[in-house]
Amino acid sequence: MPTPSAPLPDDLAGLHDAVVGWFDDHARDLPWRGTAEVLPEPWPVLVSELMLQQTPVVRVLPVFEAWMERWPTPADLAAEPSSEAVRAWGRLGYPRRALRLHAAAVAITTEHDGRVPDDHAALLSLPGVGEYTAAAVASFAFGQRHAVMDTNVRRVLARVVLGQAYPSTSVTAAERRLAQALLPADDAHRWAAATMELGALVCTARAPRCDVCPVADRCRWLALGRPDHDGPPRRGQAWAGTDRQCRGRLLAVLRDATDPVPKAALDAVWEDGAQRERCLDALLDEGLAQVHSDGKFSL
DNA sequence: TACGCGTGGTG
DNA sequence: TCACCAAGCGT
């Protein structure tokens with residue numbers, strides 16, 4: 001195991017206690033979370049993690065509740081067509097995730113006896129489950145010891161340990177080594193949840209609340225006077241006129257219709273015909289939309 | 001590795 | 001106001 005390139009904090013146990021202690025007092029009561037004593041069920045954890053990819057908690061909450069009531073097990077979801085998953089996804093965004101969650105439910109049902117696997121590699125092989133989500137499910141639902149690196153954790157570590165305003169654009173090997181080296185020997189899953197929550201509630205991207213931070217007295221970034229980000233500029237996401245906007249418009253029409261719609265209904269929501277056709281073809285290809293024998297379209 | 005992928009809230 | 005940001009993944 002290589003040594004982290006940045007020096008570790010000199011009081012790791014103190015850091016752990018401060019963050020986990022804060023979490024015990026301030027953690028939000030979210031429906032996919034367990035308690036300090038009892039781990040949550042893995043299926044709700046998996047569902048929530050897919051929904052939370054790039055989507056804020058407050059928008060996920062109502063969709064999650066409805067989803068779990070309708071499909072309390074992976075087999076329940078797998079038994080329905082994927083179009084139902086896309087419709088139930090509502091306006092969470094990135095509707096491919098609904099398709100992936102449905103495909104994951106099918107894989108769990110057919111290849112894992114209907115139970116969410118507890119093995120990191122098996123989780124990673126599920127559709128829509130990448131490095132972060134596999135570590136998160138193994139950690140939160142099964143109490144395992146993994147470095148869980150989402151945008152919150154990466155920002156907390158960048159600030160507290162490295163003294164930088166933001167982490168690098170992509171996860172580096174040094175960052176993985178650092179997160180691994182910081183893992184406590186016991187209850188690493190609580191450390192994972194606590195660092196994520198700290199990033200979400202206190203050590204936020206734009207307006208960090210250092211005045212109420214439990215580790216302000218050991219934060220390198222704060223000690224340095226909160227220096228600005230000095231790396232390459234963080235690339236924004238283009239929107240107006242993009243395929244993404246066009247796809248969103250088309251999908252909204254299909255989602256809001258109870259029955260298949262004529263093509264004219266799709267033509268009406270996007271001016272540029274060539275772009276519209278390209279996007280519609282892509283949606284059909286990806287399985288987000290279907291064309292029927294009468295020429296009408298639906299999810 | 002860098003990019004495309006939805007949607008809506010906010011400083 | 002508007003650029004930025006939100007529990008990433010797949011290619």
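Chain identifiers are assigned alphabetically (A, B, ...) following the order of the sequence lines, protein sequences preceding nucleic acid strands; residue numbering begins at 1 within each chain. Both backbone and side-chain heavy atoms feed into the values below; hydrogens, waters and symmetry mates do not.
Listed in residue order, the members of residues 128-153 of chain A having a heavy atom less than 4.0 Å from DNA chain C are A/Gly128, A/Val129, A/Gly130, A/Glu131, A/Tyr132, A/Thr133, A/Asp150, A/Thr151, A/Asn152. Looking at residues 258-272 of chain A, you'll see that no heavy atom sits under 4.0 Å from any atom of DNA chain B. A heavy-atom distance below 4.0 Å to DNA chain B is reached by none of the residues of residues 16-47 of chain A. The stretch residues 237-245 of chain A touches DNA chain C through A/Gln237, each having a heavy atom under 4.0 angstrom from the strand.
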Evaluation steps, side-chain contact (heavy atoms from CB on, under 4.5 Å), between A/His146 and A/His120:
CA-CA 9 Å; A/His146 294 278; A/His120 184 275; 3.8 Å; yes
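Side-chain atoms of A/Leu157 and A/Leu162, non-hydrogen and from C-beta on, never get closer than 4.5 Å to each other. Using a 4.5 Å cut-off on side-chain heavy atoms (C-beta onward), A/Val19 and A/Val215 make contact. In this structure, A/Leu101 and A/Trp67 have side chains that are in contact, with non-hydrogen atoms separated by less than 4.5 Å. For the pair A/Trp32 and A/Met68, the minimum side-chain heavy-atom distance is 4.5 Å or more.
Screening residues 129-142 of chain A for salt bridge (Lys or Arg N to Asp or Glu O under 4.0 Å) gives no qualifying pairs among residues at least two apart or on separate chains. Within the structure, the side chain to side chain donor-acceptor pair (under 3.5 Å) test picks out the following pairs touching residues 191-205 of chain A (sequence neighbours left out): A/Arg28-A/Glu197, A/Arg33-A/Glu197. Within the structure, every pair that satisfies the side chain to side chain donor-acceptor pair (under 3.5 Å) test and touches residues 246-257 of chain A, not counting sequence neighbours, is listed here: A/Arg247-A/Glu286.
Atom P of C/dC4 sits at a distance of 15 Å from the matching atom of B/dC3, rounded to the whole Å. Only the P atoms considered, B/dG6 is 14 Å distant from C/dT11, to the nearest whole Å. Taking atom P in both C/dA7 and B/dC5, one finds a spacing of 22 Å when rounded to whole Å.
In this structure, A/Arg206 atom CZ and C/dA6 atom P are separated by 8 Å, rounded to whole Å. Taking atom CG of residue A/Leu61 and atom P of nucleotide C/dA6, one finds them 17 Å apart after rounding to whole Å. Separating the CG atom of A/Leu123 from the P atom of C/dC9 is a distance of 12 Å, rounded to the nearest angstrom. Rounding to whole angstrom units, CD of residue A/Glu197 and P of C/dA7 are separated by 10 Å. A straight line from CH2 of A/Trp89 to C1' of C/dC9 spans 12 Å, rounded to a whole angstrom. Atom pair A/Arg100:CZ and C/dG10:C1' shows a separation of 6 Å (rounding to whole Å applied). Taking atom CD on A/Glu286 and atom C1' on C/dG10, their separation rounds to 11 Å, with Å as the unit. What separates CZ of A/Arg154 from P of C/dG8 is a distance of 10 Å, to the nearest Å.
Both A/Pro56 and A/Leu126 sit near DNA chain C, but only A/Pro56 has its closest nucleotide nearer the 5' end. Between A/Ser170 and A/Leu288, the one whose closest nucleotide on DNA chain B sits nearer the 5' end is A/Ser170. Comparing A/Ala207 and A/Pro95, the nucleotide of DNA chain B nearest to each residue sits closer to the 5' end for A/Pro95. Heavy-atom nearest nucleotides on DNA chain C were determined for A/Pro127 and for A/Leu52, and the one closer to the 5' end corresponds to A/Leu52.
Among the heavy atoms of the strands lying under 4.0 Å from A/Arg247 are primed sugar atoms or P, OP1, OP2 only; no base atom is included. At a threshold of 4.0 angstrom between heavy atoms, the contacts of A/Leu50 with the nucleic acid are absent. Counting non-hydrogen atoms under 4.0 angstrom, A/Arg255 reaches the backbone sugars and phosphates but no base.
Phosphate contact (OP1/OP2 of C/dG8, side-chain N/O of A/Gln54, threshold under 4.0 Å): present. For the OP1/OP2 pair of C/dC5 and a distance below 4.0 Å, the side-chain nitrogens and oxygens of A/Tyr166 include at least one atom meeting the criterion. A/Arg59 has no side-chain polar atom (N or O) that falls below the 4.0 Å cut-off from OP1 or OP2 of C/dC5.
Note that CZ of A/Arg96 and CG of A/Leu50 are 14.0 Å apart. Values are rounded to the nearest 0.5 Å. A/Cys203 contributes atom SG, which lies 9.0 Å from atom CG of A/Asn152 (distance to the nearest 0.5 angstrom). Between A/Leu12 atom CG and A/Arg218 atom CZ the span is 9.5 Å, to the nearest 0.5 Å.
Contacts of A/Thr55 classified as side-chain hydrogen bond (donor to acceptor under 3.5 Å, both in side chains), with partners at least two apart in sequence or in another chain: A/Arg97. Checked against side chain to side chain contact (heavy atoms under 4.5 Å, CB included), A/Arg154 has the following partners two or more places apart in sequence or in another chain: A/Met149, A/Pro167, A/Ser168, A/Val171, A/Glu175. With sequence neighbours left out, A/Glu84 forms a side-chain hydrogen bond (donor to acceptor under 3.5 Å, both in side chains) with A/Arg70. With sequence neighbours left out, A/Tyr132 forms a side-chain hydrogen bond (donor to acceptor under 3.5 Å, both in side chains) with A/Glu49.
Between A/Glu41 and A/Arg115 no salt bridge is recorded (no basic side-chain N to carboxylate O distance below 4.0 Å). We find that A/Arg190 and A/Asp24 are joined by a salt bridge, their nearest charged nitrogen and carboxylate oxygen being less than 4.0 Å apart.
Once you apply a 4.0 Å limit to the heavy atoms of chain A, the touched nucleotides of DNA chain B run 5' to 3' over B/dC3 to B/dG11.
Clustering ILVMFWY residues whenever any of their side-chain heavy atoms sit less than 4.5 angstrom apart, transitively, puts A/Val106 in a cluster other than the one holding A/Trp71.
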